[in-house]
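Working notes for the structure below.
Residue numbers count from 1 along this sequence.
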Amino acid sequence: MKVTSIAAVTLLAASILFSANLTASSADQAGAQRHQVPVDSPLRELAKRQDLLIGTAVDHAAFTTDTVYRDRIATEFSSITAENVMKWEVVEPERGRLDFTAADELVAAARRNHQGVRGHTLLWHNQLPAWLTEGVNSGAITPTELRQILRKHIFDVAGHFRGKVYQWDVVNEVIDDNANLRDTIWLRNLGPGYIADAFRWARQADPKVKLYLNDYNVEGLSAKSDAYYRLAQELLRQRVPVDGFGAQGHYGVQFGFHSASEVMTNLRRFEDLGLETSITEVDVRMLMPPDTVKLQAQAQGYSVLMQGCLLARKCTSFTVWGYTDKYSWVPGFFTGEGAANLLDENFAAKPGYRELQAVLALAGR
C-alpha cells in the first residue's frame, strides 16, 4: 500500500512537471511568433533583430528631387552614407571655402528618420578639389604644406560632423590591386606615415566615432586583404586608433563570388585583432542586358556578403551602394555593365532584394 502511494505521488508530480514544461514551451513558441518579423518586412525591420544597421549610399540630387526615392530610403534603411557630398571636392571646392550644405541636409533627414550616418570619406586619392591636385602637381603646394592642409581638412570635416556619424571611412583604398601601398599624391609627398596621421587626427576631431580602413576586392582571403591585415596589425602595434575594417563588396556576376564562409573567415581575422567590421558599398553588376540567370546569380552575390557579415562576430553594418538601378553609378564607369542594385529603375524588387529579406528573416529565428 505504501509503495502504491509513493508511485501515485510520483506519477502525479511527473504529470504536473510535463504539463508545466508543455505550457512553458507553448508560451515560448507563442512569444517567438509574436516577435517574429514577417519576411516581406522592410530590410531595416528584419536587420534590427540582428543588431545590424542596414544602409544605402544616397545620391543627394535624387534625394532632393525624387519623392519615391527619398521615401523608400526612409522606410527601408536604418543607415545612410553620402555617396558624394562628404568628399573633399564637394565640401571645399575652393581653398578655405567650406560648404557642408548638401551633407547637412542628408544628416538632418537621417535624424528625422531615426537613421545612423556613415561618414565617407576623409581621405581618398580621387574626387579631390582641383586647387589641391593642381597645386601639388605644379609645386605650389609643398609636402610640408600638404600635410598641414590634410590635417586641417580632417579636423574641419570630422569636427563638423562630430557626434553626428557613427563610423568614418578615414582612409579609403590605400592599397592597390597588387597588394602594395597605392601610388598617390599622399604617399609620394608624405610617405606611408600619412595613414597613421589621418587616424590620429580623426580621433582628436571626434573621440567617439568608429574609425575605419575601407577598400574593394578585400571581401575574401587574398593578397590584398592579407596586405590590409598586416597594415591593421602594424597600425595597432603603433597604438594608432583604428576601430574597424570595411569591405566594400563591389561584385560582378561575370567574375563569381566568394563563399559566405570565406567572407566570414576574412572578417573574423580582423575582428580577432580587436576591430569591428562592416560591409560598406555593396552592388553586384552584370553585363547588360539582364536575364533570369544573371539576376539569380546577382542574388547569390548579395546573399554571400550578408551571410558572411551575419556569421562574423562583430559585423555592425551592411550598406548597399545605391539601392535602385535608376540612380546607379555603375553604367557611367563600367561600359556595357549595369543593373547592379536591389531594385530596378521602377523601384520594383529584384531577386537580390528578396534574398536579403529571406537571409535576415532566417537569421532572426
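- Judged purely by distance below 3.5 Å, without hydrogens or angles, the side chains of Ser79 and Tyr166 pair a donor atom with an acceptor atom.
- With 3.5 Å as the limit, one finds a donor-acceptor pair spanning the side chains of Ser278 and Gln167.
- Atom CG of Leu187 is separated from atom CD1 of Ile185 by 11.0 Å, given to the nearest 0.5 angstrom.
- Clustering ILVMFWY residues whenever any of their side-chain heavy atoms sit less than 4.5 angstrom apart, transitively, puts Tyr212 in a cluster other than the one holding Val209.
- Checked by atom type, the side-chain pair Arg230/Gln233 shows no donor-acceptor distance below 3.5 Å.
- Contact between Ala339 and Pro290 at its shortest, heavy atoms only, is CB-CG, 3.8 Å.
- Contact between Pro289 and Lys294 at its shortest, heavy atoms only, is O-NZ, 2.8 Å.
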Applying salt bridge (charged side-chain N to carboxylate O under 4.0 Å, His left out) to Glu271 and Arg268, what does each step give before you reach the verdict? CA-CA 5 Å; Glu271 294 169 353; Arg268 281 192 176 185; 5.1 Å; no

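- To the nearest 0.5 Å, the span separating CD on Gln248 from CG on Asp169 amounts to 7.5 Å.
- Remark: Asp176 pairs with no residue by the salt bridge (charged side-chain N to carboxylate O under 4.0 Å, His left out) rule, at least two apart or across chains.
- Residues Trp131 and Glu94 bring no donor and acceptor atom of their side chains to less than 3.5 Å of each other.
- Aromatic ring centres of Tyr353 and Tyr302 lie farther apart than the 6.0 Å criterion allows.
- Closest heavy-atom contact between Ala110 and Val117: CB-CG2, 3.6 Å.
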Show, in sequence, the C-alpha distance, side-chain angles and deciding distance for Leu342 and Glu76, and conclude whether the side chain to side chain contact (heavy atoms under 4.5 Å, CB included) test is met. CA-CA 12 Å; Leu342 294 172; Glu76 198 72 58; over 6 Å; no

Mind running side-chain hydrogen bond (donor to acceptor under 3.5 Å, both in side chains) on Gln357 and Arg354 for me, showing each step along the way? CA-CA 5 Å; Gln357 284 183 312; Arg354 299 302 181 196; 3.0 Å; yes

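- Residue Arg239 places its CZ atom among 12 or fewer non-hydrogen atoms of other residues, nucleotides or ligands, all under 6.0 Å distant.
- A distance-only check finds a donor-acceptor pair linking the side chain of Glu92 to the backbone of Gly96 [under 3.5 Å].
- Judged by distance alone, with hydrogens and angles left aside, the side-chain atoms of Lys350 form no donor-acceptor pair with the main-chain N or O of Leu295 at under 3.5 Å.
- Cluster membership for Val136 and Leu150, using ILVMFWY side-chain heavy atoms within less than 4.5 angstrom, is shared.
- For the pair Arg269 and Tyr229, the cation sits on the ring face: its NZ or CZ lies under 6.0 Å from the ring centre, inside 45° of the axis.
- Gln300 and Gln296 share no donor-acceptor pair across their side chains, judged by distance under 3.5 Å alone.
- For the salt bridge (charged side-chain N to carboxylate O under 4.0 Å, His left out) test, no residue two or more places apart in sequence or in another chain qualifies with Arg112.
- In this pair, His120 and Trp321 present their aromatic rings perpendicular. The plane angle is above 60°, beyond the 30 to 60° band.
- Stacking of Arg285 on the aromatic ring of Phe334 is recorded, both the 6.0 Å distance cut-off and the 45° axial limit being met.
- Between Arg237 and Glu234 there is a salt bridge, since a side-chain N of the basic residue sits under 4.0 Å from a carboxylate O of the acidic one.
- We find that Arg72 and Asp66 are not joined by a salt bridge, their nearest charged nitrogen and carboxylate oxygen being 4.0 Å or further apart.
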Would Val304 and Glu262 count as a side chain to side chain contact (heavy atoms under 4.5 Å, CB included) here? Give the steps. CA-CA 9 Å; Val304 297; Glu262 183 178 346; over 6 Å; no

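- Between His153 and Trp88, the angle of the ring planes stays under 30°, which puts this pair in the parallel group of the 30/60° scheme.
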Chi angles and distances behind the side chain to side chain contact (heavy atoms under 4.5 Å, CB included) call for Leu132, Leu146: CA-CA 9 Å; Leu132 178 64; Leu146 181 63; 3.7 Å; yes

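- With a 6.0 Å radius and a threshold of 12 heavy atoms from other residues, nucleotides or ligands, Arg111 has its CZ atom at or below the threshold.
- Under the 4.5 Å side-chain contact rule for hydrophobic residues, Leu356 and Met264 do not share a cluster.
- Val284 and Gly301 get closest at one heavy-atom pair: CG2-C, 4.2 Å.
- Val90 and Trp329 sit in two unconnected hydrophobic clusters of ILVMFWY residues. Membership requires side-chain heavy atoms under 4.5 Å apart, directly or through other members.
- Taking CD of Gln127 as the reference point, atom CG of Asn84 lies at 4.5 Å (rounded to 0.5 Å).
- For Glu219 against Leu305, the heavy-atom pair with the smallest separation is CG-CD2, 3.9 Å.
- In this structure, the separation between CG on Leu53 and OG1 on Thr319 is 8.0 Å, given to the nearest 0.5 Å.
- Ile154 and Leu235 fall within the same hydrophobic cluster, where Ile, Leu, Val, Met, Phe, Trp and Tyr residues are linked whenever their side-chain heavy atoms come under 4.5 Å apart, directly or through other members.
- In this model, no donor atom of one side chain and acceptor atom of the other lie less than 3.5 Å apart for Gln298 and Tyr251.
- Using a 3.5 Å distance cut-off with no hydrogens or angles, the side chains of Asp59 and Tyr69 do not pair a donor with an acceptor.
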Could you please spell out the steps behind the side chain to side chain contact (heavy atoms under 4.5 Å, CB included) verdict for Phe100 and Val157? CA-CA 9 Å; Phe100 296 110; Val157 178; 4.2 Å; yes

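- Aromatic rings of His250 and Tyr216 (six-membered ring for Trp) have centroids beyond the 6.0 Å cut-off, not under it.
- Atom CG of Leu106 sits about 7.0 Å away from atom CE of Met86, to the nearest 0.5 Å.
- Side-chain contact check for Ser259 and Ser261: at least one donor-acceptor pair (N or O, by modelled atom type) lies under 3.5 Å.
- One side chain, Asn214 or Glu281, offers a donor N or O that lies under 3.5 Å from an acceptor on the other.
- The environment of Lys164 atom NZ is dense: over 12 non-hydrogen atoms of other residues, nucleotides or ligands sit within 6.0 angstrom.
- In this structure, NE2 in His125 is found 5.5 Å from CD in Glu173, a value given to the nearest 0.5 Å.
- With hydrogens and angles left out, the side-chain atoms of Ser303 and Gln307 include a donor and acceptor closer than 3.5 Å.
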